[in-house]
Amino acid sequence: MPAHPPQSLPQNAAKTSLHVPVFAWYATHARDLPWRRPEASAWSVLVSELMLQQTPVKRVLPVHQAWLERWPTPAALAVEPTGEAVRAWGRLGYPRRALRLHAAAVAIAERHDGEVPADLDDLLALPGVGEYTAAAVASFAYGRRHVVLDTNVRRVLGRVLGGVEFPATSLNRAERERAASVVPDEPPHPVGTAATWAVAVMELGALVCTAGAPRCGECPLADQCAWRLAGFPAYDGPPRRGQAWAGTDRQCRGRLMAVLRDADGPVHRSALEAAWSGTATLADQRERCLVSLVADGLAVRTSPETYALP
DNA sequence: CACGCGTGGGT
DNA sequence: TACCCAAGCGT
């Protein structure tokens, strides 16, 4: 019987071989983003995560800053009409996210005394917060240890550990377990915490291990990347669906929302008709989209002939 | 679980 | 130029 039983097992060598170079790389290459600064609030982190869902950092930056200046706390946003959130969302895209963020602010004000929760299940219960975002907020805002698995991390681990160019279409159990297996133990964390590991791997995927034209010459994991070592085998999975755009309801809804956003108050039907017209088919589509926008809570009919943001 | 949901920059 | 796709979520 040992005199001093170990408090915990040492991390295995395979794990550390990933941690050391990635933490070193992150220490010198991390971008200075507002929601990563020490003084950033959990609310700032939550707002950033909602905005970053499918929208690039560069476009999020100015909107995030204006948002936090106007609504420094969830309670400040919660008392506003939802339309103000939609207008402030601007052209980030997927404006339903603005409604979800507003609803999340209301829930935080009502159920959590105005404080963004740190518990994963509490976060998951918030509108617009799914598996990734919950783990990201708990990790980045509160330093909790979670598996943070976004598109960047999936791609990096898929290449380094899986030897494939792109991960499977849907996230499965094996992939979650693989990601979990390389999260730093805590404690101890000889070279960095689980939370720093999460943000560091994401950053690596965003800046170096990119979807197209990865910069392997700058990658701290190049010498142990299974995909590179195998000679960069081409992706052989099912075709990754591209997003149709021209003529879709999504494009039509975007046009209609732009008209509502750019107006100070209610707009007449004719302004919306001008934004999407030409044939009877297009007119039908416009009316269908208008109905769906109202159903989604992104627009309201303010009179028989006028519409506005809610 | 596959699909729909905005927008604009990068190659 | 035409794609490609960017820190996903809800249904």
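Letters A, B, ... are given to chains in the order of the sequence lines, protein chains preceding strands, and every chain is numbered from 1.
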### Query
Dot-bracket, DNA chain B: Watson-Crick or G-U, under 3.5 angstrom, [ ] crossing, | other strand?
.||||.|||||

### Message
Using atom P in both nucleotides, what's the gap between dA7(C) and dC3(B) to the nearest angstrom?
### Response
22 Å

### Task
Would you mind telling me which residue lines up with the more 5' stretch of DNA chain B, Arg100(A) or Ala258(A), judged by nearest nucleotide?
Arg100(A)

### Task
Please evaluate the base of dG4(B) for a donor-acceptor partner in the side chain of Thr248(A) within a cut-off of under 3.5 Å?
no

### Message
Under 4.0 Å, counting only non-hydrogen atoms across every strand here, what does Gly254(A) touch: a base, just sugar-phosphate, or nothing?
### Response
sugar-phosphate

### Message
How many whole angstroms separate atom CG of Leu204(A) from atom P of dA6(C)?
### Response
14 Å

### Query
Looking at dA6(C), dA7(C), dG6(B), which one has an atom nearest to any side-chain atom of Trp245(A)?
dG6(B)

#### Entry: salt_bridge(Glu49(A), Arg97(A)) N-O dist < 4.0 Å
no

#### Entry: Residue mapping more 5' on DNA chain B - nearest nucleotide basis, Ser170(A) or Pro56(A)
Ser170(A)

### Message
Restricting to non-hydrogen atoms, name the atom on Glu131(A) and the atom on Leu171(A) that form the minimum distance, rounded to 0.1 Å.
### Response
OE2-CD2, 4.1 Å

### Summary
Ranking Leu126(A) and Gly242(A) by the position along DNA chain C of their nearest nucleotide, the one closer to 5' is Gly242(A)

### Query
Checking all strands, does Ala136(A) fall into the base, sugar-phosphate, or nothing category for heavy-atom contacts under 4.0 angstrom?
nothing

### Over 12 non-hydrogen atoms of neighbours within 6.0 angstrom of CG in Asp113(A)
no

### Message
Please classify the nucleic acid contact of Glu131(A) as base, sugar-phosphate, or nothing, using heavy-atom distances under 4.0 Å.
### Response
sugar-phosphate

### Query
So, is the end of the Arg240(A) side chain (NZ or CZ) under 6.0 Å from the ring centre of Tyr235(A) and within 45° of the ring's axis?
yes

### Query
Strictly under 6.0 Å, is that where the ring centroids of Trp227(A) and Phe232(A) end up?
yes

### Query
Are OP1 or OP2 of dC9(C) and a side-chain N or O of Arg96(A) less than 4.0 angstrom apart?
no

### d(CG, Asp249(A); P, dT11(C)) in whole Å
18 Å

### Task
Pick the C1' atom in dC4(C) and in dG6(B), then give their distance to the nearest Å.
16 Å

## Note on the structure
Taken to the nearest whole Å, CH2/Trp89(A) to C1'/dG8(B) is 16 Å

### Query
Which part of the nucleic acid, if any, lies within contact of Gly128(A), taking any heavy atom under 4.0 Å across all strands shown: a base, the sugar-phosphate backbone alone, or nothing?
sugar-phosphate

### Query
For Arg97(A) and dT7(B), is the shortest distance between a side-chain N/O and OP1 or OP2 below 4.0 Å?
no

### Message
Please report the distance, rounded to the nearest Å, between NZ in Lys58(A) and P in dA7(C).
### Response
16 Å

#### Entry: Donor-acceptor pair present, Arg250(A) side chain and dT7(B) base, under 3.5 Å
no

### Axial cation check for Phe166(A) ring with Arg154(A), 6.0 Å and 45° limits
no

### Query
Is any side-chain nitrogen or oxygen of Gln53(A) closer than 4.0 Å to OP1 or OP2 of dA7(C)?
no

### Query
In terms of side-chain geometry, is the basic nitrogen of Glu165(A) or Arg155(A) positioned less than 4.0 Å from the acidic oxygen of its partner?
no

### Message
Distance check needed: dC5(C) P versus Tyr235(A) OH, whole Å only.
### Response
10 Å

### Message
Check this for me: Glu287(A), atom CD, are more than 12 non-hydrogen atoms of other residues, nucleotides or ligands nearer than 6.0 Å?
### Response
yes

### Query
Any idea which of dC9(C), dT11(B), dA7(C) is nearest the Thr133(A) side chain?
dC9(C)

### Task
Write down the distance between OH (Tyr94(A)) and P (dA7(C)), rounded to a whole number of angstrom.
13 Å

### Query
Hey, does Leu33(A) reach any base, or is it just sugar-phosphate, or nothing, if we go heavy atoms under 4.0 Å?
base

### Query
Please give, in whole Å, the distance from dC9(C) C1' to Gln54(A) CD?
9 Å

### Query
Contact class for Arg59(A) (heavy atom, under 4.0 Å): base, sugar-phosphate, or nothing?
base

### Message
With a 4.0 Å cut-off on N to O distance, would you call Asp122(A) and Arg111(A) a salt bridge?
### Response
no

### Task
Would you mind telling me which of dA7(C), dC5(C), dT7(B) lies closest to the side-chain atoms of Asp150(A)?
dA7(C)

### Message
In whole Å, I'd like the distance from the CZ atom of Arg288(A) to the P atom of dG4(B).
### Response
12 Å

### Task
Pick the C1' atom in dC1(B) and in dT11(C), then give their distance to the nearest Å.
10 Å

